[in-house]
Structures are given as C-alpha cells and as structure tokens.
Amino acid sequence: MSPRPGPTFPDWPQFDDTERRALDRALTQGQWWRMGGSEVESFEREFAGYHGARHALAVTNGTHALELALQVMGAGPGSEVIVPAFTFISSSQAAQRIGAVAVPVDVDPDTYNIDVEATAAAITPKTRVIMPVHMAGLMADMDALDKLASDAGVRILQDAAHAHGARWQGKGVGELDSVAAFSFQNGKLMTAGEGGAVLFPDTDEYEKAFLHHSCGRPRTDRRYHHQVAGTNMRMNEFSAAVLRAQLSRLDGQIEVREQRWKFLSTQLADIPGVRPQGGDSRADRNPHYMAMFRLPGWTEERRNLLVDRLVDAGIPAFAAFRAIYRTNAFWEMGAPETSVDELARRCPNADAISADCVWLHHRTLLASEQVLGDTAAIVADLVAAG
Ligand SMILES: *Cc1c(COP(=O)(O)O)cnc(C)c1O
C-alpha cells in the first residue's frame, strides 16, 4: 500500500507582483541605502501607523532591534533584564550582548507567556527592563505587567517578533506606551528574509536610537560629526520596499489564520492527551505566528519522535524552544550567578513546555479547513501511536 499523500500547505514566504514592483522601484531610485532613497522612511511611517505608534525605526534584524531598544532604554553593564525562560534565544542574547544580565522567569503553562508573579518576584534594585514575548502572537498580560513595571520604576520592552498586527483590548502594539521590537526574518509574519524594527512612543528616545543605529551620525551630517557611540544597524532600501508590500497583505492573512486557529485548536483539543495553546479574551487580535500544542507528561525524546513523524507525514512541525538556560549560549556571558538546576526549579512550566510542546508553521493556518481537518486526524493517529 502506498502511503496516503500528505496534506499540502501554502508556501512561505508569499509574494507576487507587488513585491516585484517594489523591488524594481527601489532599484531604479539609484540610491540603495536609506539616506538616499525613500523606501525605508516610507516603510517606517506605514509600519508605525499600522501599529498606532508615534515612531518606527527600521533595522537590520530582530536581534539588533532588541539590542538597540535595550541600549537606549539604559540597560547595560550592572543592570538586569527579566526575560521569559521559554523564548527564542535572541530575547536573552540581546540583553547579554550589551553587557546586562538576563534573568529568566517562568511562563504560564497554558498561554506560554511570561508569568506575572514570577516576574514580580524577580525584580531587584538592578532590574532595568522587563521583556515580555507575545508567544506565537498571543499578547502577554500587558495590564498586569504595566502596573508591575510602573510600581517598580522599571521599563517594558515588548519582544513583538511574533506579534505583527496583534492587539490588546483594542490597542495596537504601538499604543501601549512601551517600546516594541519586531523581526522580519524569513519565517516571521511579514518578511524581507532579514530585517527588524523598533516602535518608540517617545521622540527623544527614537532620536537617540536613530543616531545609535547610524554610527552616531545625524541624518544631515556631511562633516563626520558623530555625536554618540553607535554602530550600523541601518535597513537597506530593497528590504523596506519588500516589507511595504508584505504589510499590505498582513491583515488578510491574519483574518484567515484567526479563523483557521479557531477550527484547528478545537479539533486538537478533542484529541486525548493534546492541549492547544490557550488564549486570553483581552488579547483580542492574535496574528498566530505558530500553532502550538502541548502533550503534557511526554518526555522530550518522545515529543521529538512525534515531530519527526509529523514531518514525514508532510506537516511542517517543530519542537518548541529549549528553555534558554538549557543552552550553552545562555551561560557564556551575562548569566545570573546560579545554576541550570536552580533555574529549572524556579521555572517548572518553561522546563515542561520545552520538552512536551510542538508547533506548526503559521503557513498551516493559511490552508483550508479541509486540509486542517486532515492535519488534526494525522496528529490524532500519531499521538495515539506514539
Ligand atoms: C525571531 C525572533 C527574534 C529575533 O529576530 P531575528 O530577526 O531573527 O534576529 C527575537 N525574539 C523572538 C521571540 C523571535 O522569535
């Protein structure tokens, strides 16, 4: 018997003549960097407007976006940045790269977002920034985190690498009065292969970031009067042109993914032993960067085998992030003076989720309900067999 054909999903990234025309437009400007062309500036205006932010600064990638934001927010040597233990490593690496200590805290077992009580318990006089990650597009509890931060006199930096177009109680990521960092890497919800952006509510901070991301050099400088220490994190014109096109199709894709997740998560929840990522009614728009589910009680090895079988069946499945303190990278610089075992003890949910969670690429959520029904049936079969 030949194996049944696997489900087929839309490709990612998606593009059409809009991207082609945009690239041609950037090419024929004759100036391919932001100081000569107009694509980066136009993209920044459009991206800021879309999220309700006063300012957007486009940069080279999402990791740099976090580094830049932390730097202008005054994190650095001698300070601590609180990050969720369950996230992509850039959240902690960005803090560590600029000389701060990254302090991992536990996440919620249902939403996988940073746990507010654990965050409160981790605040010390050295804490400068709390960095919630909106896991898979589900906004963290911004009300509780804002209150916590303002009571403690610390800042919030949203790692919004999964959260293009997300909303919290009707408000866009840029309307929450905190700085937010995005990624446009190949897999993200809008992409130019690589790229990043930072939203700033504050004009002075935005200006400081602009200087820093362009070698400390004011926009109009022609005499090499570099005013602050900096580096080059400037986005090029081609990336921005593509991102303008990508932004124009984001809303339509979010609408489809929201509908499809409702359908798929219901099907997944019916499978014995499978628990899809939970929600929060206040997170009233979720762009769905991943379709995530847990297999509570499963070991990492068993989960990994399941992921392999899902991939063999044609489903773009992945093992979830490893808890950041279980990587070598985390301990090389800027780690707290503690041990893996101690952090694992403090972060039981992050530890369990890293071992028992599976995620499906967001392009699965652009497929038809028919295909997603087939997908859920395959998951059910393989979970029962595994
Ligand atoms: C992708 C990602 C980043 C980093 O973005 P890059 O553009 O790949 O550098 C940061 N944080 C999270 C949570 C991410 O998923």
Side-chain angles (χ1 to χ4, degrees), residues 12-13 43 47 56-71 75 81-98 100 102 104-105 107-108 111-114 129-140 142 145 156-166 173 178-199 213 231-236 239-240 242-243 246 277 283 286-292 316 318-325 327 329-330 334 350 353-354 357 359-363:
W12 192 267
F43 171 63
F47 194 72
L57 183 65
V59 295
T60 31
N61 60 59
T63 309
H64 285 165
L66 291 168
E67 280 184 34
L68 178 64
L70 286 169
Q71 187 134 38
V81 175
I82 295 176
V83 298
F86 179 72
T87 180
F88 184 67
I89 197 76
S90 289
S91 309
S92 54
Q93 255 176 6
Q96 293 172 327
R97 281 276 297 175
I98 62 162
V105 300
V107 296
D108 182 272
T111 64
Y112 320 158
N113 274 330
I114 194 164
V129 173
I130 299 169
M131 188 195 298
V133 178
H134 305 309
M135 185 53 60
L138 175 68
M139 296 283 279
M142 293 307 288
L145 291 167
I156 287 189
L157 167 58
Q158 304 174 61
D159 181 340
H162 303 173
H164 314 73
V173 169
S178 45
V179 179
F182 290 83
S183 164
F184 307 119
Q185 174 270 340
N186 195 74
K188 299 293 154 81
L189 294 173
M190 43 185 288
T191 180
E194 301 281 1
V198 189
L199 301 180
H213 106 301
T231 185
N232 179 0
M233 295 180 175
R234 292 186 303 262
M235 179 180 279
N236 68 73
S239 299
V242 169
L243 288 168
Q246 294 273 299
Q277 183 187 21
N286 182 338
H288 294 291
Y289 172 60
M290 301 183 266
M292 304 181 88
F318 301 83
F321 306 122
R322 185 175 298 279
I324 54 175
Y325 52 80
T327 67
F330 180 78
I353 295 168
S354 322
C357 183
W359 63 273
L360 310 184
H361 194 283
H362 54 81
R363 67 193 179 87

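Ligands are counted one by one from 1 in listed order, and the atoms in each one are counted from 1 as well.
- Checked against ring-ring contact (aromatic ring centres under 6.0 Å, His included), His164 has the following partners two or more places apart in sequence or in another chain: Phe182, Phe184.
- Listed by chain and number, the residues in a ring-ring contact (aromatic ring centres under 6.0 Å, His included) with His162 are Tyr289 (sequence neighbours excluded).
- The two residues Met190 and Phe43 have their closest heavy-atom pair at CE-CE1, 3.8 Å.
- Gln96 places a side-chain N or O within 3.5 Å of a backbone atom of Phe330 that can act as its donor or acceptor partner.
- Judged by distance alone, the side chain of Ser354 and the main-chain N or O of Ala350 form a donor-acceptor pair under 3.5 Å.
- Residues satisfying the side-chain hydrogen bond (donor to acceptor under 3.5 Å, both in side chains) test with Asn113, not counting sequence neighbours, are none.
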Pairs under 3.5 Å, N/O atoms on ligand 1 and on the protein: can you put them in a table with the distances?
| unit_1 | atom_1 | unit_2 | atom_2 | d |
| --- | --- | --- | --- | --- |
| ligand 1 | 5 (O) | Ser183 | OG | 3.2 |
| ligand 1 | 7 (O) | Gly62 | N | 2.7 |
| ligand 1 | 7 (O) | Ser183 | OG | 2.7 |
| ligand 1 | 9 (O) | Gly62 | N | 3.4 |
| ligand 1 | 9 (O) | Thr63 | N | 2.8 |
| ligand 1 | 9 (O) | Thr63 | OG1 | 2.5 |
| ligand 1 | 11 (N) | Asp159 | OD1 | 3.3 |
| ligand 1 | 11 (N) | Asp159 | OD2 | 2.8 |
| ligand 1 | 15 (O) | His162 | NE2 | 2.8 |
| ligand 1 | 15 (O) | Lys188 | NZ | 3.1 |

